[in-house]
Amino acid sequence: MYQSFIGLEIHIQLLTQTKIFCGCRAAFGDEPNSNVCPVCMGYPGVLPALNQQAMHMAYLVAHALNCTLAPQTGFDRKNYFYPDLPKNYQISQFAAPLGTDGYLDVEFHRKKKRVRIHEVHLEEDAGKMIHAGDMSLLDYNRAGTPLLEIVTEPDMEIGEEAEMLLQQFRRLVRYLGVCDGNMEEGSLRCDANVSINRRGEGLGRKVEIKNMNSSRFVRKALNYEIARQQEILDRGGTVVQETRLWNENRDLTETMRVKESANDYRYFPEPDLPPFNADGAFLAAVEADLVELPAARKERFMRDYALSEPQADFLSDEKPLADYYEDAVLQGADPAAAAGWLAGDVRKMLNRYNTALTESPLSVQRFAGLLMLLAEGRIHGKIAKQTLEAIFTEDKEPELIIREKGWEQITDSARLQTYVDEVLAEQARVVEQINSGDARPLGFLVGQVMRRTSGRAEPQLVTALLKQSLGLEIVHVLSFGGAISGTRGDDGLIVPGDLRDLKDIIDQEVSTRIRFEEVQLGRFLSEEITPADWATLIDAVNTRLHTGDASGIVIAHGTDTLAYTASLLYWFFADSTVPIVLTASAVPWEPISERAQSGSEAVRNLRAAVERATSNVPGVHVVYGEQDLSPINLKFERIGAESPDLPGPFRNWNQSTPVYRGRPVVEGPLELDLAGLTERLERTIGSIYVAKIYPGMRGDALIALINAGVRYFILELFDTGTASLRETPFSLKQAFAYGAERGVRFFCTSQQEGIVDFSEYVTGHELWKEGAIPMGTLTTETVYTRLIASLIASDDESEVLRRMEEAL
Amino acid sequence: MESYWKSVLSAESSRAAYQSAVTARNQQLGAFLEFDPERGAAVSAEHCLEAVNRGQRAGDNPPDSALATVERLPFAVKDNIAVDTFSLTCGSRMLERFRSPYSATAVARLCAAGATVVGKTNMDEFGMGSATENSALAQTHNPFDRSRVAGGSSGGSAVAVAAGMVPFALGSDTGGSIRQPAAFCGVYGLKPTYGSVSRYGLVAYASSLEGIGVLASSVDLTEAVFQVMRGQDEMDHSSLATPAELVGASSVAQTGTRVGVLTGDLGLDDQVAAGYQRSIEVLQQLGYRFERVELPTLEYCVPAYYTIAAAEASANLARYNGVRYGLRPDYAENPEELVRAAREQGFGPEVKLRILLGTYVLRSGFQDQYYLRAQKIRTAIRNDLTRIFQSVDLLFMPVFPVQAFGHGAEGLSPFQQKLADRFTSTANLSGLPALALPMGLENGLPLGMQLMAPAFHEHRLFQVARVLEEELPPPVPPQYPPLWQSHTVPE
Ligand SMILES: [Zn+2]
């Protein structure tokens, strides 16, 4: 078992007005050799004059990285010959770097780590040499621009951690406004050193890696390099201490041309610059510029505005966006709504009109104003979107837009009630039909009221007023197969059926105020569910939620796959204000039989579910007998018909209080129609494979699955997340490596109840290093459906991963 | 004399006569590498004004008397100090054709006060030498005896003043490079406190040791030039303002001044030893109190000085690589070869030796043994001098153990020359001001001694020098009488 050690050397170009030691413009992309003077060209007799702004920015970064700030710092000369270095020595810091012993916290796959910062020092950049045919051309515009180097301790183990650290660091310097953090253009550069060794034997032989022009390449290069070194050690070889270059076209590291002589930089103190004293006034100025940093801001967003982690992540990523968001909230926008709009419709608009938020017609005032119109109910969601678009196209105040277009909706209940009363009076026959038990024409009445208001009424409010006036509650019962809807055949076997018999019984029992709408979605047994069935169910629930007439929705389901369907519905409808209640029964209802005792379970459960559905408890519920279970982490633990004295066959894992409501993975209205959803679900589910680890399971079986097109594995591991990684045919190691190269993801759950956390066992730690994602307290079923929902919600791989990690 | 210099450049006739006289003398003495008063008059006025205004000069603004003294005077500049209308060769093949795009702060401040650069003077290549014999471009002779050297490395500047070609000249002093040629040629030579005169525009050899100073024919002029040049400069962050309590300190003679003299065997030749004794007697007669002081670190000065100087030189001279300016080979296979060939062809042997030495002492693993040890000695010397200056106001020392020596093999070996820097390099290692002053002739050759003072106490140097000037005015080389004696000066 190997341990790997990764340290980074990060260089950032500071966004100062002028170069670090002269008055030349520190600008990029100008005509070659136009921003030069005798000082930065290293002419005879010139001297460096330290740019105070560069020092200020340098201390600011060191401070933000929690470094000890040097009260006095100085410069040294680093001597080496290279044509792009005008003086052939670089003024840098060696003996007394301005910042030491700092840290930056990173988290990857639930593993939090404090990466120590060895030092932060300021130096001058070199020019650029370009080889063109048999000529070498030099551009000194960059020579003498301020460069800040951040050196970490070798505290990272895998490329993913380095990638996270870089991304976090980039965000930090952009926040501080000291660097634009563009790795492609080289304003942020990163070299790495990596060594591996047998566990417990300390650092190995260090290999330096250069030429990584994005954080993604840093991850890939480091993981490639770790694998390469492991292979060498496995063969009994020795790693050569050298510098290697990442070749992004070939996805590998290559030995850099070996320099003729070893580098001895012959550092000595720079005699031309006196020591720099960071006095009280200087430090106070640095302190004053230390804005709230991204990590802290994200935490605060989650805490103060009750945002989810991905939302807070998205909003805090760039300072202008975070400032905009907070400004909008300060001006009265609802924090949750503002976050949702910025991440959704506003982002779409910005992309469509290819503009930056701060430069768009959507000023903070207009945005907050729009959300307040929505919150006050003066416009409804669809109109709000149209208004947003009109702000972009017409560049006007939202208030003016809705006035000009007559979009303001009627929110006055009393006024609407008069329309409702008129319609009810007019449609006496329809009212009678409803009163006699058929609630179907309610939609027709809603339409009548809407027509009278020229569409300016909010349909849900109209529905509510109509239901109130009619004294009506409607529960939709969706029959989704399973024994609860089935019957027992003459041969004694349970076959699929519908709820007709049950409905009759329930109808007699429940209050006459409840209208019982049974919808037949399919005659099948629970174990026969296909992705298309799920699509039908999701579509049906979605439709019923949006017509607005339902007091509750009951889904009669089979027992075998209830845990899957329940969590899947949760990830789609966790924020439903209308109760969605799933129920099941091990056996169908049988009027007269020796099994009548157990057969009455179907009646009992359905009755309980209907009661729950009308008791105004929002979210998704699983009702079984007396139990009101959470749809997530539901485990089907016992089989067969139950006696009424026993607790049901279901139990929630890892939940002290059941969770019914929350943030769905698929937010907002479902944009797919049934055909689209079916196609999407089928495709999605086809890319997932759920596997349970067992002794003797062969890693190459997983490889075969990968070759067959599986992109996501849900691995049910032992204990807190262990599996064999020994070099045997039964090891998963090769499958992980094989999958990692192909972008395959491994989400890990446990066969036992408890938390999957790779920090406990060394095999778990190895899994983490191989890129396996521990899914914490979530069960296999719940993770599986969450993955489905995440894949439906987004095509973007990183977005999918973010949604998966958010579940933790 | 004063009226001659003030008007020599103003009228066409006197300027022509001056030019031809200097050209004639220069042919014999080799003081100037370039002599062209017209180009001096074309120095960028913009640069000059900038240099005057840069930095906080409040306390260091030159007194009106100093400005009046330097106004309209012609002066020479050592060819390692930048003047934007002249070459900047540093006495090296490497920069033989290099023209400076800018002017040194010190030069610009003088030009702003109305003085005019008339030419650039010869020197040891990059200041490395004690005889101006390491110049790759010309040979310089001592005006008192042309078979002898002028001293170095500011030999050209010393000769230009001693032979009456200019009233004053700028030089640079890294380990005695102003004071030793001043002593060899019988003129005043001031090495100011480190940091008091901006180094911006002085081509770096050993940055922590060197500075720009004055060689002049009188104490008044030396002081005035210094006052015009000094003061902080934004372009040189190692430049310093005169401490507030010393601003405006008087250089009028004081009574009760205590002067320290060195005891023991100083390794002087007979003439210099006798001259040192005689000078002490003169001072005693003038009423100065003497105290014998010991400078135990003196014998470590030279090794420490050469270690630090070479180390800094190895970095400072690394910029000459033929890429952006200076000598470059016609053809090179690749950038590395270009750099190698440029340095091989451009540098003389003494420069190469010191670069190699400097590279050697800075190698990792050897710094403790050489470079850091030298820095410790430097600290010890500073402490020694601080101690000494608690009991005396000034230190009176020889400049060099011998008088001007012969050219080439007739003179001192390079090694002996280096050893002989012990009296001068003390001031460079400690950053203290020192003034070489002429003490008459011995065997027909000038004899020079030096005074050293605490930092920013240049006024004490001038106090004593002014008294001595009356007793022992600077000697005049018999073959080069003052120009105003042979020329009619238009009024
Ligand atoms: Zn510049």
Side-chain angles (χ1 to χ4, degrees), chain A residues 21-23 33 36-52 74-91 94-95 127 129-131 134-138 140 143 259-276, chain B residues 80-82 88 90 94-95 98 100-102 104 126 195 198-204 206-209 233-240 308 311-312 314-326 333-336 338-340 343 358-367 371-372 375:
Chain A
F21 297 125
C22 66
N33 297 311
V36 294
C37 73
V39 175
C40 57
M41 286 289 272
Y43 268 52
V46 296
L47 294 169
L50 178 64
N51 177 340
Q52 296 281 322
F75 290 93
D76 299 277
R77 290 186 183 177
K78 181 181 181 178
N79 296 286
Y80 66 95
F81 274 90
Y82 204 70
D84 67 4
L85 187 67
K87 299 185 294 296
N88 286 311
Y89 62 80
Q90 180 191 31
I91 302 180
F94 180 68
M129 182 153 71
I130 305 130
H131 299 285
D134 58 351
M135 278 191 302
S136 299
L137 302 171
L138 284 153
Y140 291 101
K259 283 192 176 168
E260 281 170 38
S261 55
N263 278 335
D264 176 358
Y265 293 119
R266 307 192 306 279
Y267 285 100
F268 75 96
E270 168 56 84
D272 290 335
L273 290 166
F276 178 85
Chain B
N80 63 347
I81 300 171
L88 185 59
C90 299
M94 181 66 90
L95 295 175
F98 177 74
S100 178
Y102 72 106
F126 288 104
S198 168
R199 285 186 296 120
Y200 185 70
L202 168 63
V203 177
S207 317
S208 74
L209 298 164
D233 176 17
E234 283 167 12
M235 299 303 278
D236 177 4
H237 279 206
S238 67
S239 65
L240 297 162
I308 293 167
E312 293 180 3
S314 71
N316 282 331
L317 272 65
R319 70 187 61 196
Y320 307 111
N321 60 1
V323 173
R324 290 144 298 139
Y325 52 77
E333 200 63 56
N334 53 50
E336 290 77 34
L338 175 104
V339 172
R340 201 168 292 138
R343 291 170 72 79
T359 307
Y360 181 85
V361 300
L362 284 175
R363 282 177 312 156
S364 75
F366 291 78
Q367 288 209 355
Y371 181 74
L372 295 177
Q375 293 291 9

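Just so it is clear: chains get the letters A, B, ... in the order the sequence lines come, proteins before strands, and each one is counted from 1.
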Chemist: So for B:S100, is it side chain, backbone, both, or neither that comes closer than 4.5 Å to the heavy atoms of chain A?
Modeler: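 Nothing of B:S100, per the 4.5 Å heavy-atom cut-off to chain A.
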Chemist: I would like to know whether B:Y102 and A:V46 meet side chain to side chain contact (heavy atoms under 4.5 Å, CB included); could you show each step before the answer?
Modeler: CA-CA 9 Å; B:Y102 72 106; A:V46 296; 3.6 Å; yes
Chemist: Could you work out, with salt bridge (Lys or Arg N to Asp or Glu O under 4.0 Å) as the rule, every residue matching A:D76, not counting sequence neighbours?
Modeler: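 With sequence neighbours excluded, A:D76 shows a salt bridge (Lys or Arg N to Asp or Glu O under 4.0 Å) to no residue whatsoever.
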Chemist: Quick check for you: among B:C90, B:G201, B:S208, which has the greatest number of heavy-atom pairs under 4.5 Å with chain A?
Modeler: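 Answer, by heavy-atom pair count under 4.5 Å with chain A: B:G201.
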Chemist: Just grab all the side chain to side chain donor-acceptor pair (under 3.5 Å) pairs involving residues 39-51 of chain A, residues at least two apart or on different chains.
Modeler: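 Matches after skipping sequence neighbours: A:T18-A:N51.
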Chemist: Does any heavy atom of chain B fall under 4.5 Å from the side chain of A:P38, the backbone, both, or neither of them?
Modeler: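 Only the side chain of A:P38 comes within 4.5 Å of chain B.
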Chemist: If I measure from the heavy atoms of chain A, does B:L209 come under 4.5 Å with its side chain, its backbone, both, or neither?
Modeler: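 When you check distances to chain A, no heavy atom of B:L209 falls under 4.5 Å.
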Chemist: Could you tell me which portion of B:L88 (side chain, backbone, both or neither) has an atom closer than 4.5 angstrom to a non-hydrogen atom of chain A?
Modeler: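 Only the side chain of B:L88 comes within 4.5 Å of chain A.
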Chemist: Look only at the side chain of A:D264 and the backbone of B:R363, and say whether a donor-acceptor pair between them is shorter than 3.5 Å.
Modeler: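 No; judged by distance alone, with no hydrogens or angles, the pair does not exist.
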Chemist: Measuring heavy-atom distances to chain A, does B:A315 have an atom under 4.5 Å in its side chain, in its backbone, in both, or in neither?
Modeler: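 Contact with chain A is through both the backbone and side chain of B:A315.
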Chemist: Measure A:M129 against the heavy atoms of chain B and call it side chain, backbone, both or neither at under 4.5 Å.
Modeler: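 Contact with chain B involves the side chain of A:M129 alone.
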Chemist: Measure the shortest side-chain to side-chain distance between B:R199 and A:L47 over non-hydrogen atoms and say whether it is less than 4.5 angstrom.
Modeler: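 Yes, their side chains come closer than 4.5 Å.
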Chemist: Show your reasoning for whether side chain to side chain contact (heavy atoms under 4.5 Å, CB included) applies to A:F268 and B:L372.
Modeler: CA-CA 9 Å; A:F268 75 96; B:L372 295 177; over 6 Å; no
Chemist: If I measure from the heavy atoms of chain B, does A:F21 come under 4.5 Å with its side chain, its backbone, both, or neither?
Modeler: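 Nothing of A:F21, per the 4.5 Å heavy-atom cut-off to chain B.
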Chemist: Determine, step by step, whether A:M41 and B:Y325 satisfy the side chain to side chain contact (heavy atoms under 4.5 Å, CB included) criterion, reporting the C-alpha distance in whole Å, the side-chain angles of both residues, the deciding distance to 0.1 Å, and the verdict.
Modeler: CA-CA 10 Å; A:M41 286 289 272; B:Y325 52 77; 5.9 Å; no
Chemist: Let's go through A:Y265 and B:L362 carefully: what are the C-alpha distance in whole Å and the side-chain angles of both, what is the deciding distance for side chain to side chain contact (heavy atoms under 4.5 Å, CB included) to 0.1 Å, and is it a yes or a no?
Modeler: CA-CA 9 Å; A:Y265 293 119; B:L362 284 175; over 6 Å; no
Chemist: To check you understand the geometry: which heavy-atom pair defines the closest contact between B:V339 and A:F81, and what is its length?
Modeler: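 Shortest heavy-atom contact: CG1-CD2, 4.0 Å.
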Chemist: So which part of B:Q367 gets closer than 4.5 Å to some heavy atom of chain A, the side chain, the backbone, both or neither?
Modeler: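 For B:Q367, side-chain heavy atoms alone lie under 4.5 Å from chain A.
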Chemist: Quick one: what part of B:A311 sits under 4.5 Å from any heavy atom of chain A, side chain, backbone, both or neither?
Modeler: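 The answer is the backbone of B:A311.
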Chemist: A:D272 versus chain B, heavy atoms under 4.5 Å apart: side chain, backbone, both or neither?
Modeler: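 Backbone plus side chain of A:D272, per the 4.5 Å heavy-atom cut-off to chain B.
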Chemist: Say you draw a straight line from OG of B:S314 to CG of A:N88; how long is it, rounded to the nearest 0.5 Å?
Modeler: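 Nearest 0.5 Å value for the OG-CG distance: 11.5 Å.
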Chemist: Return the CG to CG distance between A:D134 and B:N334, rounded to the nearest 0.5 Å.
Modeler: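 The CG atom of A:D134 sits 12.0 Å away from the CG atom of B:N334.
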Chemist: Quick one: closest heavy-atom pair of A:A49 and B:H237, and the distance?
Modeler: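 Nearest heavy atoms, A:A49 then B:H237: CB-NE2, 3.4 Å.
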Chemist: Quick one: does B:E312's side chain get under 4.5 Å of A:P271's, heavy atoms only?
Modeler: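 Yes, their side chains come closer than 4.5 Å.
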Chemist: For B:F366, which atoms come within 4.5 Å of any heavy atom of chain A: side chain, backbone, both, or neither?
Modeler: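 Answer is neither: B:F366 stays 4.5 Å or more from chain A.
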Chemist: Picking from A:C22, A:P274, A:P44, which has the most non-hydrogen pairs under 4.5 angstrom with chain B?
Modeler: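 It is A:P44.
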Chemist: I need the minimum non-hydrogen distance between B:Y371 and A:P269, along with the two atoms involved.
Modeler: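 In terms of heavy atoms, the two residues are closest at OH-CD, 3.6 Å.
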Chemist: Cut-off 3.5 Å, side chains only: do B:N316 and A:R77 have a donor facing an acceptor?
Modeler: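 A pair is found: one side chain offers a donor N or O, the other an acceptor, under 3.5 Å apart.
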